[in-house]
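One structure is given here, and the rest of the page talks about it.
Because the structure is a prediction, the values reported are computed rather than measured.
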Amino acid sequence: MVAPPDNDVIWARSLQHSHNGSPGLDGVSLGVRDAEILAVTGPRGSGKTTLLHCLSGQLVPQQGEVWFNNVPVHTMGPRLREHLRRDRFAWIAAEPQLVPELTAWENAALPLLLRGVPHRAAKKAATEWLERLDIGALAKKRPHTLLQEQRQRVSVARALTAAPTVLFADEPTATLHRAERSQLLRTLTTAARSHDITVVLATHDAEVAALADRTVSLLDGRRVATAALPAVSDPEGRSACSLSV
Amino acid sequence: MLALRLTRGSHPLVLMRRLLLAAASAGVGFLLLCTLGYASGHPAHASGSLLRLLWCAVPLAATVHFAVAVARTDPSTRPRPGLFAAGLGPVRLTVLAAVSTAVSTTLGSMVALLFFLHLRGDLTGLPFDGGAAEFLGGGTPLPLAAALTLLALVPLVSSAAGGLALRSRPAAPSEAQEAEDLLTPAPAPTGLPWGVALTAAGLAVEAYASRGSAGSPLPLPGRLDSTPASVLAGWTLTAIGLAMAGPGLTHLCGRLLQAVRPGAVRLLAGRVLMDEASRIGRPLGVVCAVVSGVVAASVLYTDGPRPFGPLTALGAVLVVGCTTATLLTSALEAKQARARTAEALVRVGAPMSVLRIATVLRATVLLAVFAPLTWMIAELAALPLTG
């Protein structure tokens with residue numbers, strides 16, 4: 001094993017992973033620098049989510065290495081990875097993934113409560129973040145009464161309340177309309193910059209990627225210089241298709 | 001055919017539930033056939049035969065209750081995007097669930113028929129041929145239409161009840177819609193006052209009726225001792241009251257569990273219990289009622305030389321087994337419904353131990369509330385009869 005460069009928070013080398021044989025990642029290497037916002041772009045099915053799962057320790061790659069702050073993640077046991085996820089990482093998915101039984105502030109405070117922070121302190125931190133995200137008035141509502149955009153804000157608040165070192169966002173705006181999308185992303189990136197949080201943002205949207213400091217493009221599970229597809233000479237792929245349908 | 005294909009590919013645990021249902025159906029079918037055999041063998045005791053038939057209604061009700069729970073949790077007939085994409089709407093899915101139930105219960109009825117004929121001595125070649133020929137009316141011709149009607153009772157009633165219970169399930173065209181449906185909480189149960197009132201009324205009726213009663217219009221079969229009808233009415237009222245109070249009590253347990261500055265475990269356990277109250281509370285109340293009935297009966301009937309016959313024992317085992325299995329199946333259903341939430345929690349970094357401790361905490365609280373309650377109801381029910 002080669003030790004990673006010192007200035008990278010997360011460093012991955014030649015990651016390979018397949019889901020039950022279906023190809024996912026095929027030899028991706030990248031480094032994420034401290035307090036930067038890194039966009040991982042590529043079309044659907046290009047391996048963005050799998051890459052984020054591997055980097056955040058939710059998935060152990062079949063081959064390759066993942067290092068976090070000079071500690072190997074790929075050799076950790078499930079319990080250690082769980083600790084790492086709870087204490088240092090945060091996750092925002094395309095779906096808000098809130099707990100339906102809990103109110104908005106309880107959802108936002110959940111990572112702190114899981115770490116054993118006292119009730120009062122957790123509530124204070126969660127309420128502060130909900131107010132910064134303009135949903136302080138909805139703190140006592142349950143997720144089923146909120147709009148999708150408000151739910152996603154709660155999910156962002158949950159990620160930020162945990163004060164993570166690295167925040168992984170997997171297509172955080174995929175289910176939102178354009179106006180809501182840009183507002184949510186601006187809030188997220190501003191908060192990350194002012195609190196020195198490293199963000200790894202997976203997106204297929206070039207506009208979203210423009211907010212990042214640096215962009216890594218994936219295509220068919222490999223890292224490429226640009227995600228633009230090669231020009232198509234045979235528009236309907238007739239010559240490649242042997243079936244007559 | 002689709003029902004059979006889906007059955008073939010399902011998980012062993014699902015098949016196990018279906019087999020349990022078939023076994024329960026076989027038990028009830030056997031009891032019903034025994035009643036028929038007794039009636040054809042003893043034409044003079046018409047009222048006794050009718051009484052036996054009426055007692056069969058209790059295990060029948062327990063089996064139908066279990067069949068509905070099994071149909072509800074069956075993953076192969078759940079509204080899911082895979083079947084929806086293939087064109088199965090809510091009506092077809094309900095039919096599919098009813099057919100699956102009918103298949104399991106008919107299998108049980110067939111086994112019951114074979115076993116009954118074997119014990120009666122009509123089928124030969126195995127040990128215990130005609131072991132109970134005299135008791136089951138061996139030698140007298142068995143009316144075919146009556147036997148088939150009785151055997152068809154369990155499949156028909158459970159399929160109809162399952163279909164009715166599942167007819168209002170929402171369709172699930174996509175994962176997103178499914179997630180949206182799962183977010184909507186169940187309404188808080190409101191039956192607690194009614195349940196408490198009915199339980200109290202049942203106990204009062206029983207206490208009032210058992211003052212110096214000697215007549216026995218509804219004796220337990222296999223036993224000549226008296227069980228007055230009004231006492232049974234009191235027990236029935238108590239049982240209905242407990243089943244109605246179950247969800248409200250469960251909701252109350254959840255509310256107390258998450259009160260006063262909860263940490264993560266107490267918060268999750270309490271809120272989940274509040275949300276699951278109507279799903280898990282009703283079977284819990286039914287189990288509570290059955291167990292209190294069994295405890296009270298064992299207090300009353302242990303003194304006699306021959307407390308109860310083998311058929312009464314079979315009926316009691318069926319009732320206790322079916323209600324317990326229903327409770328466990330409902331708990332499994334609740335767990336299935338929460339799978340997505342559990343996944344989200346794990347993604348936030350919740351350790352599996354927190355989820356497990358929350359589950360254990362919920363079970364402990366329910367046990368701590370319902371066990372003393374069951375014991376108390378049983379003691380109160382037995383008190384006027386022993387005194």
| query | Heavy-atom count around A/R193 CZ within 6.0 Å, excluding the residue itself: above 12? | reply | yes
| query | Checking B/R340 against chain A: side chain, backbone, both or neither under 4.5 Å from a heavy atom? | reply | neither
| request: Select, from A/E95, A/R81, A/R115, A/E106, the one with the greatest count of heavy-atom pairs under 4.5 Å involving chain B. | output: A/E106
| Rounded to the nearest 0.5 Å, how far apart are CZ of B/R271 and OG1 of A/T103? | 6.0 Å
| request: Tell me, with the steps shown, if A/E101 and B/T341 meet side chain to side chain contact (heavy atoms under 4.5 Å, CB included). | output: CA-CA 9 Å; A/E101 291 92 358; B/T341 309; 4.2 Å; yes
| task | Show the numbers, then the answer: is there a salt bridge (charged side-chain N to carboxylate O under 4.0 Å, His left out) between B/D275 and A/R142? | result | CA-CA 12 Å; B/D275 237 45; A/R142 300 258 296 247; 3.1 Å; yes
| remark: Shortest non-hydrogen pair, A/H53 vs B/R347, comes out as NE2-NH2, 3.8 Å
| Can you tell me how far CE of B/M352 sits from CD of A/E82, rounded to the nearest 0.5 angstrom? | 8.0 Å
| said: More than 12 heavy atoms of other residues, nucleotides or ligands under 6.0 Å from NE2 of A/H19: yes or no? | reply: yes
| message | Under 4.5 Å from any heavy atom of chain A, what part of B/V346 do you find: side chain, backbone, both or neither? | response | both
| query | What do you reckon, is CD of A/E207 surrounded by more than 12 foreign heavy atoms closer than 6.0 Å? | reply | no
| Contact origin within B/V272 toward chain A - heavy atom pairs under 4.5 Å | both
| field | Residue pair A/L113 / B/P262: nearest heavy atoms and the distance that separates them | value | CD2-O, 4.3 Å
| Taking all non-hydrogen atoms of both residues, which atom of B/G349 and which atom of A/R86 are closest, and how far apart? | O-CD, 3.3 Å
| query | Can you tell me how far the CG atom of A/L114 sits from the CG atom of B/L268, to the nearest 0.5 Å? | reply | 7.0 Å
| task | Check each atom of A/R158 against the heavy atoms of chain B and say whether the ones under 4.5 Å are side chain, backbone, both or neither. | result | side chain
| message | At a heavy-atom distance under 4.5 Å, which candidate from B/R261, B/R338, B/M274 has the highest pair count against chain A? | response | B/R261
